[in-house]
2 protein chains.
Amino acid sequence: MSLAEITLSDRNERGNGLIEATLTCIAEEGISNATVRKIANYAGVSNGLIRFYFKTKDGIIQAAYQRFLERIFNAAYEAMEEREGEPVERLRTFLGANLSPPIVTPEMVLLWANFLPLTYQDARMTEIREQWYNMTTRSLRELIREALAAEQRVVSDRELRHLSMAINGMIDGLWIEGALSTDKLVTQELREVGLNTAAKILGLESLSVERS
Amino acid sequence: MSLAEITLSDRNERGNGLIEATLTCIAEEGISNATVRKIANYAGVSNGLIRFYFKTKDGIIQAAYQRFLERIFNAAYEAMEEREGEPVERLRTFLGANLSPPIVTPEMVLLWANFLPLTYQDARMTEIREQWYNMTTRSLRELIREALAAEQRVVSDRELRHLSMAINGMIDGLWIEGALSTDKLVTQELREVGLNTAAKILGLESLSVERS
DNA sequence: CATAAAACTATGCAACTGTATAAAACTATG
DNA sequence: CATAGTTTTATACAGTTGCATAGTTTTATG
């Protein structure tokens, strides 16, 4: 490892810490209370240091948003990729991951809600949201197409788009409902309801979960 | 009309204006930028006047949140109530209203996202959210129960809860997806996708929409 | 019209905001 | 060890924040 890499690594480590501190601060205190001084406190450094790693406050917020969306997407995508060659299993894994921790937690939904309004005020934030939204949508559509094809079903582009919209919407809705609900039944049965409903929407009996 | 009522009405009118100004300000500039001075500007009054109608800034934010949730619920509920005695039609109307303007607009979703984090920091905001969430959930569950009963189908409490969760989640998810999407196809086909999917979930062919 | 209450404005204050900058501490290298 | 570069702190600044308060205008009533 060259020296240049070491300092780069140190630099990234501190930068990472600041980004994580930003996410924690926003989740716990809300974006309105996430000031540079509070973020610095969470990271255990003086407030001036933030400017050494990020040019502006907007900069660190954007970096934190990117990290947040990346983490959600990867959690589902990596779980899915482990299943090779079994289209229905891949879809089931992808949906299941989106309906379980660490994606389904109050912290995640809070972060999502705190960031969302910024994507209407800051062009860079809009770009970041659209980038990851497109990746998720495309992945889901492809998974559905392949799962249906595995059962010898071919659907039109229009129908595929509608199915994808419905499933995507239901996943997002259950994600929010589950994370916000104080009712433990809701969070426990979330995965079951989501998979069974997806099975009904797609007409894929093989996707659904047996009752316990 | 007695004088007491006139002054009360005037007072409410100004209070209304301030609440509306708060909602507009939050939707356009985000909760972080919704200061008492900006809100006063939107309402066309001096900043000091807000304190005459609301004890604290939290107070006017809470009042605005209440108004916001009330408006969403009423838009769907009143549309539904017009259909008497036809359970499936009532359900269809309720779902359709939740998938159309004025509920499905970027402004509404933005307001929702801006308020949500506050319900984790302010106990009163939590109460307000839970109050309206319970009303919506109960209404939807009852509508589903009656629509199924009209087709001679009786479901267990557990099954009804699951169906309600799934439909509610899908509606919320499509609501967000539709309002945030810049793709016009999405917003146009939202209602159709939502109703057809609800039909699939409930197994109620009579709920679905014919293709145009 | 007089006058008291209600509605509204103007201004001030301490605390806090993002940012700039200079000084300090630390680290690697000759 | 010296010294140049990097990382970190401390402090200062102008602008903004929620809130308080005193004063002004408007409105209702005898």
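Remember, predicted model here, so these are calculated numbers, not experimental data. Values below: every heavy atom of this structure, side chains too, minus hydrogens, waters and symmetry copies. Order of the sequence lines sets the chain letters (A, B, ...), proteins ahead of strands, with each chain counted from 1.
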If only atom types and distance count, is the side chain of Gln62(A) paired as donor or acceptor with the main-chain N or O of Met125(A) below 3.5 Å?
no

If I take atom CD1 in residue Ile39(B) and atom P in nucleotide dT16(D), what distance separates them, rounded to the nearest angstrom?
17 Å

pair_partner(dT29(C)), Watson-Crick or wobble, both distances < 3.5 Å, evaluates to dA2(D)

Is the closest basic N to carboxylate O distance between Glu192(B) and Arg158(A) below 4.0 Å?
yes

State the pairing partner of dA12(D); accept Watson-Crick or G-U wobble contacts with both distances under 3.5 Å, and report none otherwise.
dT19(C)

Is the shortest side-chain N to carboxylate O distance from Glu86(A) to Arg83(A) below 4.0 Å?
no

Interatomic distance where CZ belongs to Arg51(B) and C1' belongs to dT11(C) [whole Å]
15 Å

From the list Ile171(B), Leu95(B), Asn98(B), side chain to side chain contact (heavy atoms under 4.5 Å, CB included) partner of Leu140(B) resolves to Leu95(B)

To the nearest angstrom, how far is Lys38(B) atom NZ from dC19(D) atom P?
17 Å

Would you tabulate the side-chain donor-acceptor contacts of residues 66-76 of chain A under 3.5 Å, counting partners in other chains and residues two or more places apart, or write 'none'?
from, atom 1, to, atom 2, distance (Å)
Arg67(A), NH1, Asn16(A), OD1, 3.3
Arg67(A), NH1, Glu20(A), OE2, 3.0
Arg67(A), NH2, Asn16(A), OD1, 2.6
Arg71(A), NH2, Glu20(A), OE2, 2.7
Asn74(A), ND2, Glu70(A), O, 3.4

Sugar-phosphate means primed atoms, P, OP1 and OP2; the rest is base. With that split, encode nucleotides 8-15 of chain D 5' to 3' as B, S or - using protein heavy atoms under 4.0 Å.
BBBBB---

Are a donor atom and an acceptor atom from the side chains of Glu28(B) and Tyr42(B) found within less than 3.5 Å of each other?
yes

In terms of heavy-atom contacts, Ile50(A) and Ala40(A) come closest through CD1-N, 3.9 Å

May I ask you to list the residues of residues 54-62 of chain B, by number, that have any heavy atom positioned under 4.0 Å from an atom of DNA chain D?
Thr56(B), Lys57(B)

Verify salt bridge (Lys or Arg N to Asp or Glu O under 4.0 Å) between Arg90(A) and Glu81(A), making sure each step is shown before the conclusion.
CA-CA 7 Å; Arg90(A) 282 160 67 93; Glu81(A) 279 227 311; 5.4 Å; no

What integer distance in Å separates Asn33(A):CG from dA15(C):P?
18 Å

